[in-house]
Amino acid sequence: MSKLSIVRFATCIAALTFYATGALAQGEPLKPARVTPDELKWVAGPTGNQNTLIAGDPKQAGAYVYRTRFAANFRNRPHFHPDQRVVTIMSGTLYVGYGEQFDESQMKALPAGSIFTEPARQPHFVWAKDGEVVIQVIGNGPSATTLIEQKP
């Protein structure tokens with residue numbers, strides 16, 4: 001199975017798992033969309049990463065899908081979201097850890113095609129240690145990000 005096929009399969013499984021949990025709240029219904037990779041419009045995010053919205057709106061009630069591109073060596077400090085999410089690594093290898101302190105020893109390397117979950121209010125942190133990484137996030141808004149103050 002090719003790497004692209006694995007990523008596509010993993011993305012489908014993530015979406016089905018998310019919907020099967022009954023996690024979708026009532027909100028604006030999704031609109032029909034067909035988007036090829038070259039049609040994605042990437043914009044600068046607040047932490048220096050790049051984002052592209054694919055469906056829905058994370059700030060509103062209802063389902064949303066977006067991708068984020070992390071530059072090599074990007075570290076996202078511990079934070080959490082009010083909504084639960086399913087994340088698929090589309091390309092690269094992302095190191096992911098759970099907890100309120102950034103701890104490299106608690107991180108797991110997730111290569112393209114891998115999936116991780118972000119339960120609501122679950123502190124987590126990520127690192128694009130080995131190079132650029134693209135992730136796809138499926139969630140149920142409204143969403144936000146709360147950073148966790150780091151202890152010295």
Side-chain angles (χ1 to χ4, degrees), residues 3 6-28 30 35 37 40-152:
K3 213 176 222 188
I6 292 170
V7 169
R8 285 182 181 155
F9 178 74
T11 300
C12 288
I13 294 299
L16 289 171
T17 301
F18 182 77
Y19 288 112
T21 64
L24 294 177
Q26 295 299 318
E28 287 295 315
L30 288 176
V35 183
L40 296 174
K41 293 175 176 59
W42 294 91
V43 296
T47 58
N49 51 347
Q50 294 183 318
N51 300 305
T52 183
L53 185 60
I54 297 170
D57 181 350
K59 296 177 184 172
Q60 303 298 321
Y64 63 84
V65 179
Y66 69 85
R67 289 187 184 171
T68 296
R69 181 184 298 149
F70 299 123
N73 207 34
F74 174 83
R75 287 182 187 222
N76 201 341
R77 72 182 216 205
H79 64 282
F80 62 86
H81 312 283
D83 58 317
Q84 58 188 355
R85 301 168 167 204
V86 177
V87 182
T88 303
I89 296 27
M90 304 300 289
S91 65
T93 298
L94 187 65
Y95 291 74
V96 177
Y98 295 105
E100 294 188 1
Q101 292 292 314
F102 192 102
D103 182 352
E104 187 176 352
S105 72
Q106 298 300 311
M107 300 181 95
K108 181 175 182 176
L110 300 175
S114 299
I115 295 170
F116 70 97
T117 60
E118 297 175 354
R121 303 192 59 76
Q122 170 65 56
H124 58 280
F125 46 94
V126 301
W127 185 10
K129 181 178 178 181
D130 299 330
E132 182 182 274
V133 175
V134 175
I135 63 171
Q136 180 165 291
V137 180
I138 299 171
N140 186 52
S143 189
T145 300
T146 301
L147 296 175
I148 297 173
E149 289 299 320
Q150 296 300 282
K151 298 173 187 157

Task: Distance in Å, Thr68 OG1 paired with Trp42 CH2, rounded so as to fall on 0.5 Å steps - done: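 Rounded to the nearest 0.5 Å, the OG1-CH2 separation comes to 7.0 Å.
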
Quick one: pull up CG in Leu30 and CG in Asp57 and give me the separation to the nearest 0.5 Å.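 Result: 11.5 Å between the selected atoms.
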
Residues which pass side-chain hydrogen bond (donor to acceptor under 3.5 Å, both in side chains) with [X], listed by chain and number, not counting sequence neighbours:
{"X": "Asn76", "value": "none"}
{"X": "Gln50", "value": "Arg69"}
{"X": "Thr145", "value": "His81"}
{"X": "Thr47", "value": "Asn49"}

With [X] via side-chain contact (heavy atoms from CB on, under 4.5 Å) - residues at least two apart:
{"X": "Pro119", "answer": "Thr117, Gln122"}
{"X": "Ile148", "answer": "Pro78, Phe80, Glu100, Pro123, Gln150"}
{"X": "Ala109", "answer": "Thr93, Tyr95"}

- Query: Is Thr52 reaching over with its side chain to a backbone N or O of Lys41, donor-acceptor style, under 3.5 angstrom?
  - Reply: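 A pair under 3.5 Å: yes.
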
Problem set entry | Side-chain touch Ile135/Phe70, heavy atoms, less than 4.5 angstrom |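 Yes, their side chains come closer than 4.5 Å.
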
### Message
Are Tyr64 and Asp83 packed together at the side-chain level, in the sense that at least one heavy-atom pair is separated by less than 4.5 angstrom?
### Response
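Yes, close enough: below the 4.5 Å cut-off.
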
Pairs where [range] contributes a residue and the test salt bridge (Lys or Arg N to Asp or Glu O under 4.0 Å) is met, not counting sequence neighbours:
{"range": "residues 112-124", "answer": "Arg85-Glu118"}
{"range": "residues 140-152", "answer": "Arg77-Glu149"}
{"range": "residues 104-117", "answer": "Glu104-Lys129"}

Heavy atoms only: give me the nearest [X]-[Y] pair and the separation to one decimal.
{"X": "Pro142", "Y": "Pro82", "value": "O-CG, 3.9 Å"}
{"X": "Ile115", "Y": "Leu110", "value": "O-CD1, 4.5 Å"}
{"X": "Asn140", "Y": "Ala63", "value": "OD1-N, 3.6 Å"}

Inset, instruction - Enumerate the residue pairs fulfilling ring-ring contact (aromatic ring centres under 6.0 Å, His included) with a member in residues 125-146, sequence neighbours excluded, ordered by first and then second residue. - result: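 Every ring-ring contact (aromatic ring centres under 6.0 Å, His included) pair that includes a residue of residues 125-146, provided the two are not neighbours, is Phe102-Phe125.
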
Scan for ring-ring contact (aromatic ring centres under 6.0 Å, His included) pairs involving residues 131-150, sequence neighbours excluded, and state none if there are none.
->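 Applying ring-ring contact (aromatic ring centres under 6.0 Å, His included) to every pair that reaches into residues 131-150, excluding sequence neighbours, yields nothing.
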
